[in-house]
There are 2 protein chains.
Amino acid sequence: MRGNSVKEQTEKAAKKTVRADAQRNENTILEVAKSLFSKYGVDVPVRKIATESGVGVGTVYRRFPKRSDLVAAVFRREVDACVRYAETVQQNHQPGEALTLWFIRYTEFIATKRGLAAALHSKDPAFASLPIYFRSNFEPALKALLDAAAKSGEIRTDIAPYDLLRAIGGLAMANGDDGTEYEHSMVKLMIDGLRFGADQTR
Amino acid sequence: MRGNSVKEQTEKAAKKTVRADAQRNENTILEVAKSLFSKYGVDVPVRKIATESGVGVGTVYRRFPKRSDLVAAVFRREVDACVRYAETVQQNHQPGEALTLWFIRYTEFIATKRGLAAALHSKDPAFASLPIYFRSNFEPALKALLDAAAKSGEIRTDIAPYDLLRAIGGLAMANGDDGTEYEHSMVKLMIDGLRFGADQTR
DNA sequence: TGTTTATACGGAACGTAGATCCGCTTGTCA
DNA sequence: TGACAAGCGGATCTACGTTCCGTATAAACA
């Protein structure tokens, strides 16, 4: 939705033409930032991100005027990736299995967001839109998975997608980085819960 | 364990003699820090705390080598105050009422701790002991209140104190600063839940 | 292909905040 | 009251976010 190819504005708004190197750099910065955030936390110095990306700090700040803008951009990217995964998994697996796989992916997403919990409650305007972005992307994605599983009679239909997102988000958030096994078992438990009573709902 | 000067062990313990002004300053710093934390968040500059306390930064750092040590100290103080309140309220109110009053006080405590949520998950050693401190102080305090209410037949006995702490903590944490009314009603709901079935448990 | 120019780049420089250092002050004890 | 350890404060060092501006270059044009 943003990579408007170069020459397509033949007439009206010919003010674009993002230079190729700029585009490339923005991408690199986001990749590097993501990796450094997960390695050192969201507090890594901008300078480090810049150096590791092979650019100067000026370049980072031109694209992301505030540090928090960069953090928010990485966040959105990861939401997108997780949503995309929901689509992929839905195409390649049975509904019930797809649900399990996606929940696990989702807990991994949440686990890396622990450092942002405070930021989301902060007043920084860069983060203001993130909760909405989160919900308006994840809710439909999960709804699609649930609908598919409900349609095949595997789960019941009286659980709201958003409530599930919160519940699983909560349990993934509450545990340390070692919680993988715990998380998987909780996810299974939740899906069992969804399966319970599946028959009487159809 | 480190500054054992030679002459101060006349026999066993004579290692005290905290100078009066030092004691006074430490107290002032903690008071001021608490008030500034709640006004501006835990990110207020140490300089500001020092100035407002009428001391130099050096004085603050002598007592609290790291910024986070100060934050942790204020946290412990507030835990203590909240626990003390449990004792007070238990002496001056009927068990059921005491429970309500204390839960409200507790939600207020939690609400001011939103900024620390991330810190508690951080690796800063100053915060490492806080979760244990939290639990080992709050759990017995709440247990006493619950026991009293159970003894008078007002509530049932099958709810673990720590689970209650987490549940109420969770709801207080999840809401914005405007959540007072919501929180009170949720607390009432929880206590009603405790009252439910009180009779068959005795 | 050569010229022009809007875009983008890098990193020096600035302001602020945490943390340290050390010469000066003061409470305490005899 | 005098001596001195305990305590004080703020100048100073370091690190980080952010800004600025001279230089480099991709892209448009000839």
Side-chain angles (χ1 to χ4, degrees), chain A residues 4-11 13-30 32-33 36-37 40-73 119 122 124-127, chain B residues 2-10 14-29 32-33 36-37 40-73 115 119 122 124-127:
Chain A
N4 303 358
S5 157
V6 194
K7 38 199 55 176
E8 53 198 19
Q9 18 268 116
T10 24
E11 45 182 55
K15 75 234 313 202
K16 266 61 179 303
T17 13
V18 191
R19 249 169 67 170
D21 55 347
Q23 184 84 355
R24 214 179 318 121
N25 280 335
E26 175 168 340
N27 209 59
T28 307
I29 290 167
L30 284 168
V32 169
L36 292 186
F37 286 165
Y40 303 109
V42 286
D43 286 335
V44 275
V46 172
R47 271 182 246 274
K48 180 154 196 165
I49 298 170
T51 306
E52 204 115 328
S53 302
V55 304
V57 279
T59 300
V60 175
Y61 276 97
R62 195 168 321 99
R63 218 70 60 186
F64 308 100
K66 303 277 177 183
R67 199 182 180 301
S68 48
D69 292 322
L70 175 56
V71 175
S122 84
D124 193 317
F127 298 130
Chain B
R2 51 165 47 100
N4 302 353
S5 157
V6 193
K7 43 197 50 180
E8 58 195 20
Q9 11 268 113
T10 26
K15 73 231 325 201
K16 270 36 169 326
T17 12
V18 188
R19 249 170 67 167
D21 53 348
Q23 184 84 358
R24 214 179 317 121
N25 280 334
E26 175 168 340
N27 209 59
T28 307
I29 290 167
V32 169
L36 292 185
F37 286 165
Y40 303 108
V42 287
D43 286 335
V44 275
V46 172
R47 273 183 245 274
K48 180 154 196 166
I49 298 170
T51 306
E52 204 115 330
S53 302
V55 303
V57 279
T59 301
V60 176
Y61 276 99
R62 196 169 321 100
R63 219 71 60 185
F64 307 101
K66 304 277 181 183
R67 202 184 176 299
S68 49
D69 293 323
L70 175 55
V71 175
S122 83
D124 193 318
F127 298 131

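Small disclaimer: the values here were computed from a predicted structure and weren't measured. A note on names: the letters A, B, ... follow the listed sequences, proteins ahead of strands, and every chain is numbered from 1.
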Closest-nucleotide ordering on DNA chain C, the 5'-leading residue of B:R67 and B:A20: B:R67
Nucleotide of C:dC9, D:dG17, C:dA19 approaching A:V46 most closely (side-chain heavy atoms): D:dG17
A:K48 to A:Y40, cation-pi by 6.0 Å centre distance and 45° axis angle: yes
From CA spacing to verdict: side-chain hydrogen bond (donor to acceptor under 3.5 Å, both in side chains), B:N25, B:T59: CA-CA 8 Å; B:N25 280 334; B:T59 301; 5.4 Å; no
For atom CD of A:E26 and atom P of C:dT7, their distance in whole Å: 16 Å
Atom-pair distance (CZ on A:R19; C1' on D:dA28), nearest Å: 12 Å
Distance in angstrom units between B:D124 CG and C:dG18 P, rounded: 13 Å
Side-chain donor/acceptor of A:D69 to backbone N/O of A:K66, under 3.5 Å: yes
Nearest heavy-atom neighbours spanning A:R67 and A:Y61: N-CE2, 4.3 Å
B:D21 CG to D:dC8 P, straight-line distance once rounded to whole Å: 5 Å
Interatomic distance, A:N25 CG vs D:dA24 C1' [rounded to whole Å]: 13 Å
Candidates D:dA27, C:dA8, C:dG10 - which lies nearest the side chain of A:T59: C:dG10
B:R63, nearest nucleotide to its side chain (from C:dA13, D:dC8, C:dA19): D:dC8
Residue met sooner reading DNA chain C from 5', once B:R24 and B:V44 are mapped to nucleotides: B:V44
Heavy-atom pair of closest approach, residues A:F37 and A:I49: CE2-CD1, 3.9 Å
Euclidean distance, atom CG of residue A:D43 to atom P of D:dC16 [Å, nearest integer]: 10 Å
Closest nucleotide among D:dG17, D:dG7, C:dA8 to the A:R47 side chain: D:dG17
Closest to the B:T17 side chain, choosing from C:dC29, C:dC9, D:dC8: C:dC29
Candidate nucleotides D:dG7, D:dG17, D:dG9, ranked by approach to the side chain of B:V55 - the nearest: D:dG9
Spacing between A:K48 atom NZ and D:dG17 atom P, to the nearest angstrom: 12 Å
Nucleotide nearest B:Y61 when distance is taken to its side chain, options C:dA8, C:dG18, D:dC8: C:dG18
Listed nucleotide nearest any side-chain atom of B:R62, set D:dG7, D:dA26, D:dT18: D:dG7
Separation of atom CG in A:D69 from atom C1' in D:dT18, rounded to whole Å: 12 Å
